[in-house]
Amino acid sequence: MSMEKIVSLCKQCGFLFQSSEIYGGLQGFWDYGPLGVELKRNVKESWWKDMVVCHDDMSTLEGAPSPYAMEGLDCTIIMHPQVWKCSGHYDLFHDYMVDCKETKKRYRHDQLNGRWVEAKNQRVFITAAAGDDEVELIEKRAMKFFKIRAKNIEDIKYDGDPVCLTEIEDLSEVLGPDAKAVGTLTEPREFNLMFKTYVGALSGEEGTAFLRPETAQGIFVNFKNVMDSTRQKLPLGIAQIGKSFRNEITPRNFTFRSREFEQMEIEFFCHPDESQKWYQFWRDRRMAWYHEMGIPEDRLILREHTTDELAHYSIGTADLEYAFPFMAEGEFGELEGISHRGDFDLRSHIEGKLDEKSNPLELQLDENGKPKWKGSGKNLGYRDELTGEKYIPHVIEPSAGADRATLAFLCEAYTEDEQPDENGKMQKRVVMKFHPRLAPIKAAVFPLVKKDGMPEVAKKIYLDLKKQFKVFYDEKGAIGRRYRRQDEAGTPYCITVDGQTLEDQTVTIRDRDTLEQQRVKIDELRGIIQRRIEA
RNA sequence: GCGGGUGUAGCUCAAUGGCAGAGCCCCAGCCUUCCAAGCUGGUUGUGAGGGUUCGAUCCCCUUCACCCGCUCCA
């Protein structure tokens, strides 16, 4: 399945447009058209309904250690700047990069290590990507650079152990990790992945704020508010859907990596001893949700992060990844990440930014031995009123991309098949096979022909169904053409008023995927559609 | 950010240093009793800016966007 066809259909049918298209578009920004907005709303509403509103908090769900509660939140996009300092985003998203003028490659300034190497009366700082084999790599590169054979290896003198490139002020004697000549690296340049803005009329450092790069922090900083206002007990999940912003260096692949995007996140708070079980539970539950919404098992994988990818405080992180058509064969793109975050986030907002490399977690200090970023000092802990135990909850975070999910459903729905036309000749058909819950339009109503009172009856049915569903009325052109148009929009049901309707108050209801028609009573239409959507 | 490619109607694609064209789609009318039918008529334009030129959609420069590869990816 080619991505171009999907992109083309998205534009033609009104699922997705480039943002500001008449001015040439803006990289990394996309608009949802009339069909797209319905689709995305259905994705978000299905998630909200399944995770929050209709969640059964009385029973122990399959795979869960106990019953649990769910609440919702809707936090602001701009938050107190200290939130991002304590969360780690300020440091993390504030990268310095160096470019190599020779190889055109770009490196994180703090991820290159090197050693001063002297031979043949020349002193050069030879770099390599930071890692376990950096010492070996630097030796090899030194031999190559100075053109010294293995037997004369003593001619090479090393000045000290490898240090980070950030320690080097003058880059003119530095050999880039892939370069043949020295001095090809540019001065480090700042890449800020968080969008900056100013609060208040005056711009200046004092009013500097950031657009949130994730919705999660709004939940952490409101944890106490939710506990105090709802009388809920742990385990408790708090859900939020909302826009986030990341100033991606390279937005690519349609809406997959956008600079403005929407997240559907749950922060699930539980007792530390139970957190592993809950992590397993959420992995399985979220995987099952995508399956329920129509993503087949062979196109969705759960990729468990390896232990060296994990922060030490985390028991696990799993990515749910979909086989997007723009990925190479056998490769998958992330739809959702489910991470065990321990007590890192709540503690950081209490005590101050913790050093994620420390074990056990300790406050990150600055050069003067003071906290690098000060926390709120508020008590975000939990007291179990039955046992009297006090603890800082551990967090499981299922974090999904609403736009990525929507894109996956679009890709999955796109189908080309062949159906006979009125002469029995096979014609190519494009049909969007959305799950009925996700379909932008639930049903279309047609009079078979535009006369004999059929439009009047059809319009009445349309107006009645409209009270409950997003429906579409069309009386123009041949009936076959109208069916095909709805196939492209992914409308699961088409209701046709014909001659018989006028006699016995029945209509036909056509199924998008099978093309089968069933004759039903007009009075029963609402119930039938409702049942089929929920099935 | 680098290298390569692309940019013409809603879509797919022609053509040209001198009035920009087709098919599909769309709209209106006629016809039409179940899967893109037919007939008649109609709407819609060279991504943006600058230069060369009597004249640029075409040549040149800049810019923007998209695609592919690299790089990056919380």
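We name chains A, B, ... by the order of the sequence lines, and we start the count at 1 in each one.
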Using a 4.0 Å heavy-atom cut-off, does A/Thr496 contact any base of the nucleic acid, only the sugar-phosphate backbone, or nothing at all? base
In whole angstrom, give me the gap between the P atoms of B/G7 and B/C59. 11 Å
Classify A/Glu516 by what it touches in the nucleic acid, base, sugar-phosphate, or nothing, heavy-atom distance under 4.0 Å. nothing
Fit a plane to each ring of A/His394 and A/His340, take the angle between them on a 0 to 90° scale, and name the class: parallel (under 30°), tilted (30 to 60°) or perpendicular (over 60°). perpendicular
Cation-pi between A/Arg259 and A/Phe245: NZ/CZ under 6.0 Å from ring centre and within 45° of the ring axis? no
Among B/C2, B/C34, B/A36, the one nearest A/Tyr483 by side-chain distance: B/C34
Testing B/G69, B/C66, B/C34 for proximity to the side chain of A/Trp30, the answer is B/C66
For A/Arg481 and A/Lys476, indicate whether the former's side chain and the latter's backbone hold a donor-acceptor pair under 3.5 Å. no
Sticking with atom P, work out how far B/C2 lies from B/U62, rounded to a whole angstrom. 12 Å
Could you check A/Gly24 against A/Ser8 and say which one's nearest nucleotide on RNA chain B is further toward the 5' end? A/Ser8
When the distance from CG of A/Asp474 to P of B/U32 is rounded to whole Å, what number comes out? 19 Å
Need one value for A/Ile479: base, sugar-phosphate or nothing, where a base atom within 4.0 Å counts as base even if backbone is also close, heavy atoms only. sugar-phosphate
If you restrict it to nitrogen or oxygen atoms, what contacts under 3.5 Å exist between nucleotides 25-31 of chain B and the protein, and what is each distance?
residue: B/C25; atom: OP1; partner: A/Arg481; partner atom: NH1; Å: 3.2
residue: B/C26; atom: OP1; partner: A/Arg485; partner atom: NH1; Å: 2.1
residue: B/C26; atom: OP2; partner: A/Arg481; partner atom: NH1; Å: 2.9

I need the minimum non-hydrogen distance between A/Pro492 and A/Ala439, along with the two atoms involved. CD-CB, 3.5 Å
Say you draw a straight line from CG of A/Leu335 to CZ of A/Phe256; how long is it, rounded to the nearest 0.5 Å? 7.5 Å
Secondary-structure notation, RNA chain B, from Watson-Crick and G-U pairs under 3.5 angstrom (| other strand): (((((((..((((....[..)))).(((((.......)))))....(((((..]....))))))))))))....
Whole-Å gap separating P (B/U32) and CG (A/Asp498): 17 Å
How far, in whole Å, is B/A20 from B/U8 if one measures between their C1' atoms? 8 Å
For residues 499-511 of chain A, run the donor-acceptor check on the side chains, cut-off 3.5 Å, and write out each pair with its distance to 0.1 Å, sequence neighbours left out.
residue: A/Gln500; atom: OE1; partner: A/Arg519; partner atom: NE; Å: 3.3
residue: A/Gln500; atom: NE2; partner: A/Asp504; partner atom: OD2; Å: 2.9
residue: A/Thr501; atom: OG1; partner: A/Asp498; partner atom: N; Å: 2.9
residue: A/Thr501; atom: OG1; partner: A/Asp498; partner atom: O; Å: 3.2
residue: A/Thr501; atom: OG1; partner: A/Asp498; partner atom: OD1; Å: 3.0
residue: A/Thr501; atom: OG1; partner: A/Thr506; partner atom: O; Å: 2.7
residue: A/Asp504; atom: OD1; partner: A/Thr506; partner atom: N; Å: 3.2
residue: A/Asp504; atom: OD1; partner: A/Thr506; partner atom: OG1; Å: 2.7
residue: A/Asp504; atom: OD2; partner: A/Thr506; partner atom: OG1; Å: 3.4
residue: A/Thr506; atom: OG1; partner: A/Arg519; partner atom: NH1; Å: 2.8
residue: A/Thr508; atom: OG1; partner: A/Gln517; partner atom: NE2; Å: 3.4
residue: A/Arg510; atom: NH1; partner: A/Asp487; partner atom: OD1; Å: 3.0
residue: A/Arg510; atom: NH2; partner: A/Asp487; partner atom: OD1; Å: 3.4
residue: A/Arg510; atom: NH2; partner: A/Asp487; partner atom: OD2; Å: 3.0
residue: A/Asp511; atom: OD1; partner: A/Asp513; partner atom: N; Å: 2.9
residue: A/Asp511; atom: OD1; partner: A/Thr514; partner atom: N; Å: 3.0
residue: A/Asp511; atom: OD1; partner: A/Thr514; partner atom: OG1; Å: 3.3

With under 30° as parallel and over 60° as perpendicular, where do the rings of A/Phe268 and A/Trp278 fit, or are they tilted in between? tilted
When all nucleic acid strands are considered with a 4.0 Å heavy-atom cut-off, which category describes A/Asp452: base, sugar-phosphate, or nothing? base
Using only modelled atom types and a 3.5 angstrom limit, is any donor from either the side chain of A/Arg482 or the base of B/C35 paired with an acceptor on the other? no
What integer distance in Å separates A/Phe256:CZ from B/C67:P? 13 Å
Please determine, for the side chain of A/Arg484, which listed nucleotide (B/C35, B/C68, B/C66) has the closest atom? B/C35
Salt bridge flag under 4.0 Å for residues A/Glu304 and A/Arg283: yes
Could you state the CD-P distance from A/Gln18 to B/G7, rounded to the nearest angstrom? 16 Å
A/Ser348 side chain to A/Asp345 backbone, donor-acceptor under 3.5 Å: no
Identify the two heavy atoms, one from A/Leu380 and one from A/Phe223, that lie closest to each other, and give their separation to 0.1 Å. O-CE2, 3.4 Å
Syn or anti for B/C24, taking syn as within 90° of 0? anti
Which part of the nucleic acid, if any, lies within reach of A/Gln517 when heavy atoms closer than 4.0 Å are counted: base, sugar-phosphate only, or nothing? base
By nearest atom, which of the nucleotides B/C35, B/U33, B/A37 is closest to the A/Ala478 side chain? B/A37
Under a 3.5 Å cutoff, is there a donor and acceptor pairing between the side chains of A/Trp373 and A/Asp91? yes
Taking the side chain of A/Leu515 as its heavy atoms from C-beta onward, which of B/U32, B/C35, B/A65 lies nearest to it? B/C35
Quick one: label A/Arg429 by what it contacts on the DNA or RNA (base, sugar-phosphate, nothing), any heavy atom closer than 4.0 Å. nothing
Students often get this wrong, so: under 4.0 angstrom with heavy atoms, is A/Phe254 touching a base, only sugar-phosphate, or nothing? sugar-phosphate
Taking atom P in both B/G50 and B/C11, what distance in whole Å separates the two? 25 Å
Find the distance A/Ile22:CD1 to B/A65:P and express it as a whole number of Å. 16 Å
Would you tell me if any nitrogen or oxygen in the side chain of A/Lys11 comes within less than 4.0 Å of OP1 or OP2 on B/G10? no
I'd like the C1' distance from B/A9 over to B/C25, given in whole Å. 11 Å
